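Fair warning: this is a prediction, and the values are worked out from it, not measured in the lab. The sequence lines fix the lettering, A, B, ..., with proteins before strands; numbering per chain opens at 1. Computed from heavy atoms alone, side chains included, the values below leave out hydrogens, waters and symmetry copies.
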Number of protein chains: 2
Amino acid sequence: MKLFHEYRNPSLAVDLVVFGYHDNTLSVLLLNRKEEPFKDCWTLPGGFLQMEETFLDTCSRILQTKLGMNEVFLEQLYSFDDPGRDPRGRVIAVGYYALINPAKFKIVAGSMANDVKWFNVRKLPVLGFDHKYIFKAALQRLKSKILYHPVGFELLDELFTITELHELYECILHTTLDRRNFRRKILDAEYVINTGMKREGLKNRHPELYRFNKHLKKNNFQINVPTES
Amino acid sequence: MKLFHEYRNPSLAVDLVVFGYHDNTLSVLLLNRKEEPFKDCWTLPGGFLQMEETFLDTCSRILQTKLGMNEVFLEQLYSFDDPGRDPRGRVIAVGYYALINPAKFKIVAGSMANDVKWFNVRKLPVLGFDHKYIFKAALQRLKSKILYHPVGFELLDELFTITELHELYECILHTTLDRRNFRRKILDAEYVINTGMKREGLKNRHPELYRFNKHLKKNNFQINVPTES
DNA sequence: ACAAAAGTGTTTAGTGTACACCCATGT
DNA sequence: ACATGGGTGTACACTAAACACTTTTGT
């Protein structure tokens, strides 16, 4: 049995769509590149797969070195193979998306970037490479995922109110959802546990604080989005 | 701006899960390998990405040379990155699945394989590499996809009866679905067009023949599977 | 007392499910 | 005439949507 020698292989990059939620806004982290190609352009954070790394290893390395983050929700999106997607040569990109709570991290621009900034997902600048399409795939995936799976908690604080969760859903789905029906669905599904505590110091009635119920086997909720016409 | 030179990069393979449906059975195409590694083992058909190819180019080349097929439904599944998945060295695999009508192709074993055979998806042999997991991902994707999207037609003849479509769904989902409710859903969604013709020469009443309605914009059907408990 | 947001309940329309029944064909 | 599968209709249960109302807090 022959081992491989080095044939000509495409390079393999991992590109990250890092979502954060703050002040009723869903944002993505973008880097401003210091070097060609796409110097001074905004792009998704990314990096090349090292020989001994798994994709998740590469994700962690990027998150750590370029953004100063660790231990976040990550999921593979899709692999992008347009031969012209990188002017430096043939590069395949594996897209991942991450969900983080911006309050937990102080983002830092690594040595490769002029700047790192959160951008409202509805007000993105022009992106380098094919990152526009990777981003679109990520947002679409997040929108679908949140309808059936309890991923919203990754974006919120450990304790949150139903209203905060409701606002998060409306923000991500970019639509309105009936407050009372939403509450019932979430509670019936038992994806949240009432802590008995209340959020103090608000102008009006103090809402109850909930915590994510991690130990629940079945996916038994579904949020429906109004059909637009 | 520097161009790339050859860093050490993993090899990139494309592995195919080719589904076919015949005689009320959903099958997958497997190759019996002539060479190490996994000599004489059954594996998914696959091949290495050439420098100038897209993933779909590679898929077509594999389908053409190893199986004698062309022009089939293809969709990307997932990328598999376990560093130990190929004993020859670091190989990333991009999984695709294909839906074909076995009646339309005469499969041929390419020079690399001892044999090519259809296997019932519920009675698979042990597979080489990590192909068991690629297959599992494919079957799961097909099961989900068929609930919301009209992909079943790729597996059937151009003209088919509602009963044939119904049996296909039961076979893929591995469950029973009420015959009459299934019919209504499919017809209401207008995914099929009644041709006016009938299937002749059967023992009983001659069922009407339908054709897939390719020119339909919206996905407006959903098949529900009974919840098992 | 009032405003504003949180929390609870109810009515109604629509949809999916489980059936029963008739129809067409070959033996 | 009967068996067998194809085609049509309907009653019921269940769910989701729309909405009204009460409660709690700060001013």
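- When rounded to the nearest whole Å, the span between CD of A:E167 and C1' of C:dA6 equals 12 Å.
- Using a 4.0 Å heavy-atom criterion, one finds that B:T161 contacts no nucleic acid atom at all.
- DNA chain C lies under 4.0 Å from at least one heavy atom of each of the following residues of residues 203-212 of chain B: B:K203, B:N204, B:R205, B:H206.
- Chain B approaches DNA chain D over the interval D:dT4 to D:dT10, counting the first and last nucleotide 5' to 3' with an atom under 4.0 Å from its heavy atoms.
- For the pair A:T58 (side chain) and A:T54 (backbone), a donor-acceptor distance under 3.5 Å is present.
- One side chain, B:N194 or B:E208, offers a donor N or O that lies under 3.5 Å from an acceptor on the other.
- Atom CG of A:D188 and atom P of C:dT8 are 12 Å apart (whole Å).
- For A:D40, the side-chain hydrogen bond (donor to acceptor under 3.5 Å, both in side chains) partners are A:N114, not counting sequence neighbours.
- If you check the side chains of A:S60 and A:D57, you find no donor sitting under 3.5 Å from an acceptor.
- Nearest-nucleotide mapping onto DNA chain C: of B:Q222 and B:G201, the residue sitting toward the 5' end is B:Q222.
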Check residues 92-106 of chain B and write down every donor-acceptor pair under 3.5 Å in which the side-chain atom is one partner and the other belongs to a residue at least two apart or another chain.
unit_1: B:Y96; atom_1: OH; unit_2: B:Q76; atom_2: NE2; d: 3.2
unit_1: B:Y97; atom_1: OH; unit_2: B:E75; atom_2: OE2; d: 3.2
unit_1: B:N101; atom_1: OD1; unit_2: B:A103; atom_2: N; d: 3.0
unit_1: B:N101; atom_1: ND2; unit_2: B:L156; atom_2: O; d: 3.2
unit_1: B:N101; atom_1: ND2; unit_2: B:D157; atom_2: OD1; d: 2.8

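- Heavy-atom neighbours of A:K136 NZ from other residues, nucleotides or ligands within 6.0 Å: at or below the threshold of 12.
- In this view, B:R184 satisfies the salt bridge (Lys or Arg N to Asp or Glu O under 4.0 Å) rule with no residue, not counting sequence neighbours.
- Listed by residue number, the members of residues 170-186 of chain A with any heavy atom below 4.0 angstrom from DNA chain C are A:R179, A:R180, A:R183, A:R184.
- Between the side chain of A:D178 and the main chain of A:R180, a donor-acceptor pair closer than 3.5 Å is present.
- At a cut-off of 3.5 Å, with distance as the only test, no side-chain donor of A:Y169 or A:E167 sits close to an acceptor on the other residue.
- In this structure, B:H174 contributes its side chain and B:R122 its backbone to no donor-acceptor pair below 3.5 Å.
- Heavy-atom contacts from other residues, nucleotides or ligands closer than 6.0 Å to CD of B:E71 number 12 or fewer.
- If you check every strand for non-hydrogen atoms under 4.0 Å, A:I162 touches nothing.
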